[in-house]
Amino acid sequence: MTTEETVIQARALTKEFVRDEFHVIALQDVDIDIHKGEFVALMGPSGSGKSTLLHLIAAMDYATGGEIRVLGENLRAMSDGEIARWRNHNVGFIFQQFNLIPVLTALENVELPLKLTNLNKQERNDHATTALKLVGLGDRLGHFPRQLSGGQEQRVAIARAIVTDPALILADEPTGNLDAASAQEVLSILSRLNKEYGKTIVMVTHDAHAARSATKVRHLEKGALLPEGQLPAD
Amino acid sequence: MFRYLPLVVKNCWRNRRRTTLTIISIGASLCLLGVLMAIYHAFYFSDPPPEQALRLVTRNRVSLTFQMPQAYREQIKQIPGVREVMISQWFGGTYKDRRPENMFARFASEPDRLFTIHGEMRVPENQKKAFQRERSACLVGKALADKYGWKLGDRITIVGDIFPLNLELTLRAIYEADLNNETLYFNREYLEESLSERRRGNAGTFNILADSPESVPRIAAAVDTKFRNSSAAETKTEAEQAFQLGFISAMGNVKLFLLSICGAVTFTIMLVSANTMAMSVRERVREVGVLRTLGFTPAAIMGMILGEAVAISIIGGVIGCGLASLLCGVVRSAPAFILQLKTLSITPPVAAACIGVAAFIGLVSSAVPAWSASRTPIVEALRASD
């Protein structure tokens, strides 16, 4: 796979829905190519469609028009079970609200995606420990989410996202709930994952500082993807 | 699926108070259900105790309140397979007062045949002889003697109601038996002497001892055939166990009654459990969304939620079975005319049925919340607030 290999390819991607009898166009005719090894920040104001685009990339939602291929797969043609397996193997998610399971320790949270693989308990444990060490939490394996700071929780979430060694990492406002220092730590880890481990990362953010960690920034406005380098009018 | 077991267990224990209360409510309901199922099993499915398996009871076909000629005894004894026949007469009467705690079974019987019919009675030989020798002697069960503090030689007065006679009995023998230790027997001759000529020579029931359990149905049919169309009295003969259950049937459709309560208990606890599970799942919709993004399929998520509900229900079921077993012990030690209640216990089939019902409650109560949680679109699930 060359660095120019297309990981995400969307053409005329459109998402419309009806909410409270109002017809909403969340995304309209979006064309985008994201290549292997890119770290793309999707920026835009609330309601611009950036999270919707992220959801379509992850097949968490379906487009009402156009088409999208991710890692060479037409996700629309896959069954629920196939998409679940595909997500487990190929995509890591990072959320704004961390979304760790509160009754599980850091190690158990990170181990969760590995329960869907053929690894035995020891191997799962080793992989999860390695991932936690990679994000600097090797000494917090047995801690529950409530015993961790926000920044630490988000680092556990990153470890969970990378533990299956996915090709693509999708992050939805990963620094939105963090103080400046913690946000910087998280962005540093994402940069490292991109530069040292070649992960393709798509990050939704409205924080210009966070977007500077990305190798490419794309702006959305009212559901439309602006041409590269163009900023929204306001 | 076992890979998810730690997560299932941890989720069960996520809200300890709610889980504990759910387990207690399921346990209490299944305790009641267990006892009812044990009673149903004891009445309708259990084999009679060995001492009862060979005994039959013959009564007047019309009603137990009508009597039969005592001469039937010799005719019954001629039937092949019959080892012994004894006349028995329910005396009724009052001991001390009419309070229920002073009510116990009192039978006029034939002392020379009693110990053959009731071979399970353990009585010292000298006491047995004393009871058989003296017309006003009586024999009581050890539990009854202990209850009233009776000792050999004590006088016991029973005031008659069905019969116009007050019994002045002397305690000459105390028997012990594995099941029934709460009956008083006295000599039928004592009763006969006190009756007018017109009322003598009758029998309330005939207690028959068969030579083998296989002979029991044949003897029952033979006895009733023998006295069919008899001008004196037609008979109805049945195994002693069936005879005792006849008393229960007299109260109404006991089968339907027991099954109705079992159904109501199951349905009610199912609603309680469904409410709890719905609440528990509703609080975790976002987590379900997260699990989906990690690659968990809707089926796996549904399986985990169902597993959680079934685990909680089964724990409740096991506790319920334990409590039911204790309750059965209390019932066994209480005075009871129905011999089946003396053997009441949570047998393996009853325990299995109880646990099965618990698992069923868990499955059914969580099916809808589990289904809807597993099918919630990921985006919608992730938007849910904690």
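Every heavy atom of this structure was used, including side-chain atoms; hydrogens, water molecules and symmetry mates were not. Numbered from 1 within each chain, the chains take letters A, B, ... in sequence-line order.
Contacts with chain A were tallied for B:Leu291, B:Val379, B:Thr297; B:Val379 has the most, counting heavy-atom pairs under 4.5 Å. Comparing A:Thr164, A:Asp80, A:Ile101, A:Leu170 by how many heavy-atom pairs each has under 4.5 Å with chain B, the most go to A:Ile101. Counting heavy-atom pairs closer than 4.5 Å to chain B, the top-ranked of the candidates A:Lys121, A:Arg160, A:His89 is A:Arg160.
Between A:Arg76 and A:Glu67 no salt bridge is recorded (no basic side-chain N to carboxylate O distance below 4.0 Å). The pair A:Asp29-A:Arg11 does not count as a salt bridge, with every side-chain nitrogen at least 4.0 angstrom from each carboxylate oxygen. Between B:Arg284 and B:Glu308, at least one side-chain N (NZ, or NE/NH1/NH2) sits under 4.0 Å from a carboxylate O, which counts as a salt bridge.
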Practice prompt. Would you please test B:Arg286 and A:Gln97 for side-chain hydrogen bond (donor to acceptor under 3.5 Å, both in side chains) and show each step?
Written response: CA-CA 11 Å; B:Arg286 179 198 285 272; A:Gln97 290 174 306; 2.7 Å; yes

Please step through side chain to side chain contact (heavy atoms under 4.5 Å, CB included) for the pair A:Phe39 and A:Thr200, ending with a clear verdict.
CA-CA 6 Å; A:Phe39 183 172; A:Thr200 307; over 6 Å; no

ask   = Can you check side-chain hydrogen bond (donor to acceptor under 3.5 Å, both in side chains) on A:Asp179 and A:Ser182, steps first, answer last?
value = CA-CA 5 Å; A:Asp179 59 60; A:Ser182 300; 3.1 Å; yes

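The distance from atom NZ of A:Lys50 to atom CG of A:Leu220, rounded to the nearest 0.5 Å, is 8.0 Å.
The one candidate from A:Leu42, A:Asn194, A:Val40, A:Leu187 that meets the side-chain contact (heavy atoms from CB on, under 4.5 Å) condition with A:Met203 is A:Leu187.
At a heavy-atom cut-off of under 4.5 Å, chain A is reached by B:Lys10, B:Asn11, B:Arg14 from residues 9-26 of chain B, listed in order of number. Residues of residues 55-64 of chain A that come within less than 4.5 angstrom of chain B, heavy atom to heavy atom, are A:His55, A:Met60, A:Asp61 in numerical order. Applying a 4.5 Å heavy-atom cutoff, the residues of residues 104-120 of chain A that approach chain B are A:Leu104, A:Glu108, A:Leu112, A:Pro113, A:Leu114, A:Lys115, A:Leu116, A:Thr117, A:Asn118, A:Leu119, A:Asn120.
Among residues two or more places apart in sequence or in another chain, the side chain to side chain donor-acceptor pair (under 3.5 Å) test is passed with A:Glu153 by none.
The 12-atom threshold is not exceeded at CH2 of B:Trp371, counting heavy atoms of other residues, nucleotides or ligands nearer than 6.0 Å. Shown here is B:Phe267, whose CZ atom has no more than 12 heavy atoms of other residues, nucleotides or ligands within 6.0 Å. For A:His219, the NE2 atom is densely surrounded, since the number of other residues' heavy atoms within 6.0 Å is greater than 12. Within a 6.0 Å sphere centred on NE2 of A:His206, other residues, nucleotides and ligands contribute 12 heavy atoms or fewer.
Residues B:Thr276 and B:Met279 form no side-chain contact, since every pair of their non-hydrogen atoms from C-beta on lies 4.5 Å or further apart.
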